[in-house]
K.L.:
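For reference, the structure I am asking about is given below.
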Amino acid sequence: MFTLLEIAEEPSRLTSRLRLDDGSDAVFRPLTPADAGRLAALLEALSPESRHFSAFDGYDLATAGELCDAIARYDKLRLVLEEAQSGRIVGLVEFSLALTSGDIARFQDAGVRLVASRDCRFGLTLADDYQGRGVGTHVFPLVTEVARLLGKERIILWGGVRSDNHRAIRYYEKNGFRAVGSFAEADGSLSLDMILDLDLDLDPEPGPGGAGALPGGS
């Protein structure tokens, strides 16, 4: 089990290399302070549709800088997926080790008792040109392994998933999440709360090339 400070001091603990379906290599690793510019490029390039399905405060260098400044300072762990050859950041994985009162209340209403010591929140953002290519399937075994290394037993979706994001819902269901309820967003649209029990996850095959083992392997 690792602490956020230990990960920040030695990112190689959670660094892994994986082969994507097109034969290219990618690196999955913790976000570092030096990533602000490349992370900003990812956020700035997100399409209006991708932004609709995400919940960042902004999509510019200032937001990327805030995410990098928060490393090991709060309850968040962020990891990036980057192209091994170019170093371009093409994905962002976010964990929150704290639960909000809203999360706790909604899940309680659905008959699920969340416990901070065993549950965490998770979110995934991919560059538009990396969506629909099976990249998330390769990444997800690493996501579950990170959650276990953080001492967590269950994962809920950070902010839920919008009910009209059908591709994301299929992805989460494929990887063992189940819907437990729905809630209204500020604009009146519906989002789903979903949860994954790591003792019951489907552990899908990552495909040809596979994913490198965690921790530390590249």
Side-chain angles (χ1 to χ4, degrees), residues 1-2 7 11 13-31 39 42 46 50 53-56 76-84 88-97 103 118-162 165-180 191-218:
M1 181 172 170
F2 297 142
I7 295 168
R13 293 176 183 269
L14 296 185
T15 296
S16 190
R17 194 179 185 96
L18 58 159
R19 178 69 52 84
L20 304 182
D21 288 343
D22 63 1
S24 65
D25 289 337
V27 177
F28 181 75
R29 61 168 178 79
L31 181 71
L39 179 59
L42 167 67
L46 290 175
S50 292
F53 292 137
S54 64
F56 295 105
K76 309 295 191 298
L77 172 64
R78 295 180 171 93
L79 303 101
V80 297
L81 183 70
E82 67 178 4
E83 294 176 343
R88 175 194 170 201
I89 291 177
V90 298
L92 178 66
V93 172
E94 301 182 279
F95 287 94
S96 173
L97 307 188
D103 291 332
R118 65 182 297 217
D119 301 324
C120 65
R121 297 184 291 158
F122 151 79
L124 171 64
T125 301
L126 288 176
D128 283 73
D129 58 325
Y130 272 72
Q131 296 175 21
R133 293 171 49 185
V135 176
T137 298
H138 286 277
V139 169
F140 200 74
L142 302 178
V143 168
T144 57
E145 183 65 13
V146 169
R148 290 187 175 100
L149 291 170
L150 293 171
K152 302 303 180 181
E153 301 173 15
R154 298 187 300 187
I155 303 174
I156 68 170
L157 298 184
W158 191 330
V161 56
R162 287 186 178 263
N165 193 351
H166 304 297
R167 183 163 62 185
I169 293 171
R170 288 195 300 270
Y171 167 72
Y172 292 126
E173 290 177 338
K174 173 184 174 182
N175 285 286
F177 282 86
R178 61 183 177 88
V180 298
S191 286
L192 304 179
D193 277 318
M194 303 185 77
I195 190 169
L196 169 68
D197 189 324
L198 292 174
D199 289 334
L200 300 175
D201 74 55
L202 301 180
D203 215 9
E205 287 293 328
L214 285 171
S218 63

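Both backbone and side-chain heavy atoms feed into the values below; hydrogens, waters and symmetry mates do not. All residue numbers refer to positions in the sequence shown, counting from 1.
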K.L.:
Any chance you could lay out the side-chain contact (heavy atoms from CB on, under 4.5 Å) test for L14 and L149, step after step, and finish with the verdict?
P.N.:
CA-CA 9 Å; L14 296 185; L149 291 170; 3.6 Å; yes
K.L.:
Less than 4.5 Å apart, any side-chain heavy atom of F56 and any of E94?
P.N.:
yes
K.L.:
Is NZ or CZ of R13 both nearer than 6.0 Å to the six-membered ring centre of F2 and within 45° of the ring axis?
P.N.:
yes
K.L.:
Quick one: pull up CD in E173 and CG in L192 and give me the separation to the nearest 0.5 Å.
P.N.:
8.5 Å
K.L.:
When you compare the side chain of E83 with that of Y130, does any pair of heavy atoms fall below 4.5 Å?
P.N.:
yes
K.L.:
Salt bridge between R121 and D103, side-chain N to carboxylate O under 4.0 Å?
P.N.:
yes
K.L.:
Give the intermediate values and the outcome of side-chain contact (heavy atoms from CB on, under 4.5 Å) for residues L77 and I7.
P.N.:
CA-CA 9 Å; L77 172 64; I7 295 168; 4.0 Å; yes
K.L.:
Let me confirm one number: the OG1-CG distance from T125 to L42, rounded to the nearest 0.5 Å.
P.N.:
7.0 Å
K.L.:
Please report the C-alpha distance between L126 and V90 in whole Å, then the side-chain angles of each, then the deciding distance to 0.1 Å, and finally whether the side-chain contact (heavy atoms from CB on, under 4.5 Å) criterion is met.
P.N.:
CA-CA 6 Å; L126 288 176; V90 298; 5.7 Å; no
K.L.:
Just by modelled atom types, is the M194 backbone N or O under 3.5 Å from a matching donor or acceptor in the Y172 side chain?
P.N.:
no
K.L.:
How are the rings of F122 and F95 set to each other: parallel, tilted or perpendicular (split at 30° and 60°)?
P.N.:
tilted
K.L.:
Evaluate the side-chain proximity of T15 to V27: yes if any heavy-atom separation is below 4.5 Å, no if none is.
P.N.:
yes
K.L.:
For K152, is there an ion pair with D119 - N to carboxylate O distance below 4.0 angstrom?
P.N.:
no
K.L.:
Hey, what do you get for CZ (R29) to OG (S16), rounding to the nearest 0.5 Å?
P.N.:
13.0 Å
K.L.:
Quick check against the 3.5 Å criterion: does N165 have a side-chain atom that pairs as donor or acceptor with the backbone of V161?
P.N.:
no
K.L.:
Count the heavy atoms belonging to other residues, nucleotides or ligands that lie under 6.0 Å from CZ of R178, then report whether that count exceeds 12.
P.N.:
no
K.L.:
Rounded to the nearest 0.5 Å, what separation is found between the CG atom of L46 and the CZ atom of F53?
P.N.:
12.5 Å
K.L.:
side-chain contact (heavy atoms from CB on, under 4.5 Å) between N175 and L196: does it pass, once the steps are laid out?
P.N.:
CA-CA 8 Å; N175 285 286; L196 169 68; 5.9 Å; no
K.L.:
Which is it for D197 and R154 under the salt bridge (charged side-chain N to carboxylate O under 4.0 Å, His left out) test, yes or no, and what are the steps along the way?
P.N.:
CA-CA 5 Å; D197 189 324; R154 298 187 300 187; 5.9 Å; no
K.L.:
Rounded to the nearest 0.5 Å, how far apart are NZ of K76 and SG of C120?
P.N.:
12.0 Å
K.L.:
Are side-chain heavy atoms of F28 and V146 found at a separation under 4.5 Å?
P.N.:
yes
K.L.:
Return the CG to CE distance between L150 and M1, rounded to the nearest 0.5 Å.
P.N.:
7.0 Å
K.L.:
Using a 4.5 Å cut-off on heavy atoms from C-beta on, say whether the side chain of V135 contacts that of L81.
P.N.:
yes
K.L.:
For residues Q131 and S50, is any side-chain donor paired with an opposing acceptor at under 3.5 Å?
P.N.:
yes
K.L.:
Looking at R88 and E82, is any side-chain nitrogen of the basic one under 4.0 Å from a carboxylate oxygen of the acidic one?
P.N.:
no
K.L.:
Ignoring hydrogens and geometry, is there a side-chain-to-backbone donor-acceptor pair from S24 to L20 under 3.5 Å?
P.N.:
no
